[in-house]
Amino acid sequence: MKKNNNIAVPSFGLFDYCWLFHPVRFFKDLSIYRLRIKKFKKKGYSEVAEWETFTWFISVMKQILTYYRDHRAGTPFVLEDENIIFNNEEQTARNEAFYNSILNNMLDLLEKMDENNYDCKELDFKEIHEKQEEAKNKFFELFSKYFYALWD
């Protein structure tokens, strides 16, 4: 079976083995999966979020922002130095490009926040932590600035 690396789904960390070669493990994982689904329906989020909150948040926000960037119905006006001119195609294109660059920047910052994207051999833990902290601060600064513009 294909290994699931998406921490936001209830089957995260389960079903890593083929059921033909490890039937006991498969049925054990199946019972754990049923319990996770039951808890997911009750709480509305995966139980993984309780013990890996930052990793879960990064994974879910990447999915949400990527989907929102690619499938949103409209674009809020975010050009700060200009007044809105209705039916101006050039301004609309600039605004949409600027908004997409904001979303891309937020996605890049989420990538930099993820501890799995750093090679521990090249950097020491202090440098990694400083880079993650800097990316986190920039991400939440952008997130709070454009929070009400993020939803259709």
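Note that the structure is a prediction, hence the values are computed from the model and not measured.
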Supply the atom-to-atom distance [X] [atom1] to [Y] [atom2], rounded to the nearest 0.5 angstrom.
X: Leu142; Y: Asn137; atom1: CG; atom2: CG; result: 11.5 Å
X: Arg34; Y: Leu30; atom1: CZ; atom2: CG; result: 4.5 Å
X: Ser101; Y: Met106; atom1: OG; atom2: CE; result: 11.5 Å
X: Lys38; Y: Tyr33; atom1: NZ; atom2: OH; result: 15.5 Å
X: Tyr99; Y: Asn104; atom1: OH; atom2: CG; result: 11.5 Å

side-chain contact (heavy atoms from CB on, under 4.5 Å) with [X]: which residues, sequence neighbours excluded?
X: Thr92; answer: none
X: Phe77; answer: Leu79, Glu82, Ile84, Gln91, Asn95
X: Lys126; answer: Asp124, Glu130

task = Please examine the side chains of Leu65 and Leu150, heavy atoms only from C-beta on, and report whether any two atoms are closer than 4.5 Å.
result = yes
ask   = Just wondering, do Leu107 and Arg69 contact through their side chains at under 4.5 Å, heavy atoms?
value = yes
inquiry  = Please verify the inter-ring angle class for Phe57 with Phe140; under 30° counts as parallel, over 60° as perpendicular, anything in between as tilted.
reply    = parallel
Evaluate whether atom [atom1] of [X] has more than 12 neighbouring non-hydrogen atoms of other residues, nucleotides or ligands under 6.0 angstrom away.
X: Lys62; atom1: NZ; value: yes
X: Asn83; atom1: CG; value: no
X: Lys43; atom1: NZ; value: yes

Exam field: side chain [X] to backbone [Y], donor-acceptor pair closer than 3.5 Å:
X: Thr66; Y: Gln63; value: no
X: Asn117; Y: Lys112; value: no
X: Ser144; Y: Glu141; value: yes
X: His129; Y: Phe125; value: no

Between [X] and [Y] (salt bridge meaning N to carboxylate O under 4.0 Å), is one present in this structure?
X: Lys39; Y: Glu50; result: no
X: Lys136; Y: Glu133; result: yes
X: Arg94; Y: Glu90; result: yes

key: Chi angles and distances behind the side chain to side chain contact (heavy atoms under 4.5 Å, CB included) call for Val24, Lys28   = CA-CA 6 Å; Val24 174; Lys28 183 180 176 185; 5.5 Å; no
Modelled atom types, side-chain donor and acceptor of Arg72 and Asn100, under 3.5 Å = yes
inquiry  = Please find the pair of heavy atoms, one from Leu110 and one from Ile58, that lie closest to each other, and give the distance.
reply    = O-CG2, 3.7 Å
ask   = Closest approach of Tyr68 and Ala149, non-hydrogen atoms and distance?
value = OH-O, 3.1 Å
ask   = Yes or no on salt bridge (charged side-chain N to carboxylate O under 4.0 Å, His left out) for Lys138 and Glu134, after CA distance, side-chain angles and deciding distance?
value = CA-CA 6 Å; Lys138 287 181 183 177; Glu134 182 181 333; 3.2 Å; yes
key: Worked verdict on Phe54 versus Glu115 for side chain to side chain contact (heavy atoms under 4.5 Å, CB included)   = CA-CA 10 Å; Phe54 64 93; Glu115 64 185 2; 3.9 Å; yes
ask   = Can Phe139 and Tyr146 be said to form a ring pair (Phe, Tyr, Trp, His ring centres under 6.0 Å), step by step?
value = CA-CA 11 Å; Phe139 172 79; Tyr146 295 104; over 10 Å; no
ask   = Should Tyr67 and Trp56 be counted in the same cluster of Ile, Leu, Val, Met, Phe, Trp and Tyr side chains packed under 4.5 Å apart?
value = no
